[in-house]
Amino acid sequence: AEVRLADGRTLTGTRRPIDDATFLLQTDDALLELTGSQIREVDGNRDLPRPEGRRLVRSSCYEVLRADGSAETWNTIRVENGGRGLQTRVEWGVAPHEMETFRTLKVVDPWGNTLAHRFEPRPGSDVQSVVVELAVPVLPGESVELATSTIRPRSAVRDGDVWTCAYPGDFSEDRLYGRLLRLPPGAEVVAVEPEVRVHEHGGAPFVSWRRYYPKGSTFPLTVKYRLPG
């Protein structure tokens with residue numbers, strides 16, 4: 001088969017489909033990940049839409065809430081090398097209001113290496129770049145998933161005897177986002193929005209969401225709870 005790629009190259013070789021095309025469908029109360037064979041029509045059209053070319057970032061967050069409202073937050077970051085040389089570092093921007101949290105940053109790769117990082121000012125901007133040096137470089141066309149840890153001092157806020165932990169979204173790219181919260185041991189869950197099942201392990205409640213956020217969109221993921229005593 002002769003295949004023309006999005007980058008302009010035309011290649012001839014043996015072509016074999018590996019899996020069905022995958023589509024996300026976000027409704028008001030559910031997120032579905034569907035294959036092409038599961039979809040009969042879209043807006044009355046049997047031809048399925050093609051990707052728009054915008055990058056979809058997949059990430060997950062695990063946040064351990066503490067009794068004082070602070071939290072240890074773990075996030076995953078997928079690094080993809082679309083270039084032709086080795087990728088030896090990763091960087092992203094940090095806004096001024098995020099610096100208090102990012103001063104506690106730790107980055108770990110899949111092989112257990114704690115990665116060195118530094119902050120560099122961006123010329124003409126109040127945004128800082130956090131630059132992470134990779135212990136194992138990413139080869140062209142390959143990817144790696146890093147884990148980051150930070151301490152968020154005010155992840156939950158208190159009003160009377162009720163604590164509220166809310167996360168709005170508002171990502172700088174299309175994001176498929178998973179969020180898992182571990183509440184303090186003995187916490188009593190008052191409300192969860194959007195509503196999901198609350199699990200318990202080791203005396204602590206766990207709440208989990210999975211949602212698609214188009215670039216710049218907000219949709220709060222919220223849990224309200226009381227602490228014992």
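Checked against a 6.0 Å centroid threshold, the rings of Tyr177 and Tyr167 count as neighbours.
For Ser129 (side chain) and Val131 (main-chain N/O), no donor-acceptor pair under 3.5 Å exists by modelled atom type. A donor-acceptor pair under 3.5 Å links the side-chain atoms of Asn81 to the main chain of Gly83, judged by distance alone. Between the side chain of Asp43 and the main chain of Asn45, no donor-acceptor pair closer than 3.5 Å is present. Looking at Arg158, its side chain does come within 3.5 Å of a backbone N or O of Gly160 through a donor-acceptor pair. In this structure a side-chain-to-backbone donor-acceptor pair under 3.5 Å is missing from Asp159 to Trp163. Within the 3.5 Å criterion, the main-chain N or O of Phe102 finds no donor-acceptor partner in the side chain of Glu98. Glu142 places no side-chain N or O within donor-acceptor distance of the main-chain N or O of Val144, the cut-off being under 3.5 Å.
By the rule that hydrophobic residues join a cluster once side-chain heavy atoms approach within less than 4.5 Å of another member, Leu25 and Tyr213 end up as members of separate clusters. Under the 4.5 Å side-chain heavy-atom criterion for ILVMFWY residues, a single connected hydrophobic cluster contains both Val42 and Leu32. Residues Leu146 and Trp92 are members of one and the same hydrophobic cluster, defined by side-chain heavy-atom contacts under 4.5 angstrom among Ile, Leu, Val, Met, Phe, Trp and Tyr. Val138 and Ile77 fall within the same hydrophobic cluster, defined by Ile, Leu, Val, Met, Phe, Trp and Tyr side-chain heavy atoms under 4.5 Å apart, directly or through other members. Follow the hydrophobic side-chain contacts under 4.5 Å out from Val207 and you never reach Trp74; the two are in separate clusters.
Rounding to the nearest 0.5 Å places OH of Tyr212 at 7.5 Å from OG of Ser217. Distance check, rounded to the nearest 0.5 Å: CD1 of Ile151 to OG of Ser149 gives 5.5 Å. Atom NZ in Lys224 sits 14.0 Å away from atom CD in Glu188 (nearest 0.5 Å). For the atom pair CG (Leu115) and CG (Leu105), the distance works out to 9.5 Å, reported to the nearest 0.5 Å. Atom OH in Tyr62 sits 6.5 Å away from atom CG in Leu180 (nearest 0.5 Å). Between the CG atom in Leu31 and the CG atom in Leu176 there is a gap of 6.0 Å [rounded to 0.5 Å].
Remark: Glu41 CD is packed, more than 12 non-hydrogen atoms of other residues, nucleotides or ligands lying under 6.0 Å away. Residue-environment remark: CD (Glu195) stays at or below the threshold of 12 foreign heavy atoms within 6.0 Å.
In this structure, Arg152 does not pair ionically with Glu72, as no charged nitrogen and carboxylate oxygen lie closer than 4.0 Å. A salt bridge links Arg118 with Glu133: at least one charged nitrogen is closer than 4.0 Å to a carboxylate oxygen. Salt-bridge check for Glu173 with Lys215: failed, with every basic side-chain N at 4.0 Å or more from each acidic carboxylate O. Under the 4.0 Å criterion applied to side-chain N and carboxylate O atoms, Glu63 and Arg182 are not assigned as salt-bridge partners.
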Side chain to side chain donor-acceptor pair (under 3.5 Å) between Ser59 and Arg78, intermediate numbers included: CA-CA 7 Å; Ser59 68; Arg78 177 165 290 276; over 6 Å; no

CA sep, side-chain torsions, deciding dist, call: Asp109, Leu134, side-chain contact (heavy atoms from CB on, under 4.5 Å): CA-CA 8 Å; Asp109 71 11; Leu134 300 176; over 6 Å; no

Val79/Glu145 under side-chain contact (heavy atoms from CB on, under 4.5 Å): CA gap, chis, key distance, verdict: CA-CA 6 Å; Val79 178; Glu145 194 167 86; over 6 Å; no

Glu91 vs Arg89, side-chain contact (heavy atoms from CB on, under 4.5 Å): CA-CA, chis, key distance, verdict: CA-CA 7 Å; Glu91 66 178 271; Arg89 70 181 200 174; 3.3 Å; yes

Chi angles and distances behind the side-chain contact (heavy atoms from CB on, under 4.5 Å) call for Gln128, Met99: CA-CA 8 Å; Gln128 295 273 329; Met99 284 304 299; 4.1 Å; yes

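Nearest heavy-atom pair, Pro228 versus Ala187, reported as atom, atom and distance to 0.1 Å: CD-N, 4.2 Å. In this structure, Gly203 and Pro205 approach most closely via the heavy-atom pair O-CD, 4.2 Å. Looking at every heavy atom in both residues, Glu33 comes nearest to Gln38 through O-OE1, 4.3 Å.
Between the side chains of Thr10 and Arg4, not a single donor N or O lies within less than 3.5 Å of an accepting N or O. Between the side chains of Ser60 and Arg179, not a single donor N or O lies within less than 3.5 Å of an accepting N or O.
In this structure the side chain of Pro153 reaches within 4.5 angstrom of the side chain of Glu100, judged on heavy atoms. Looking only at side-chain heavy atoms (C-beta outward), Tyr225 and Pro184 come within less than 4.5 Å of each other. Contact of the Trp209 side chain with the Val196 side chain is registered, since non-hydrogen atoms from C-beta on lie closer than 4.5 Å. In this structure the side chain of Val127 never reaches within 4.5 angstrom of the side chain of Val94, judged on heavy atoms. With a 4.5 Å cut-off on side-chain heavy atoms, Arg226 and Val190 count as touching. At a threshold of 4.5 Å between non-hydrogen side-chain atoms, the residues Val57 and Asp174 do not count as touching. For the pair Val136 and Trp111, the minimum side-chain heavy-atom distance is below 4.5 Å. Between Cys165 and Leu181 there is a side-chain heavy-atom pair separated by less than 4.5 Å.
Take Arg103 and apply the salt bridge (Lys or Arg N to Asp or Glu O under 4.0 Å) test, not counting sequence neighbours, and it matches no residue.
Remark: Arg211 is positioned above the aromatic ring of Phe219, its terminal NZ or CZ atom under 6.0 angstrom from the ring centre and at most 45 degrees off the axis.
For the side-chain contact (heavy atoms from CB on, under 4.5 Å) with Leu221, the lone residue among Pro194, Ser208, Pro168 that qualifies is Pro194.
Judged as a ring-ring contact (aromatic ring centres under 6.0 Å, His included), not a single pair has a partner in residues 132-154 (not counting sequence neighbours).
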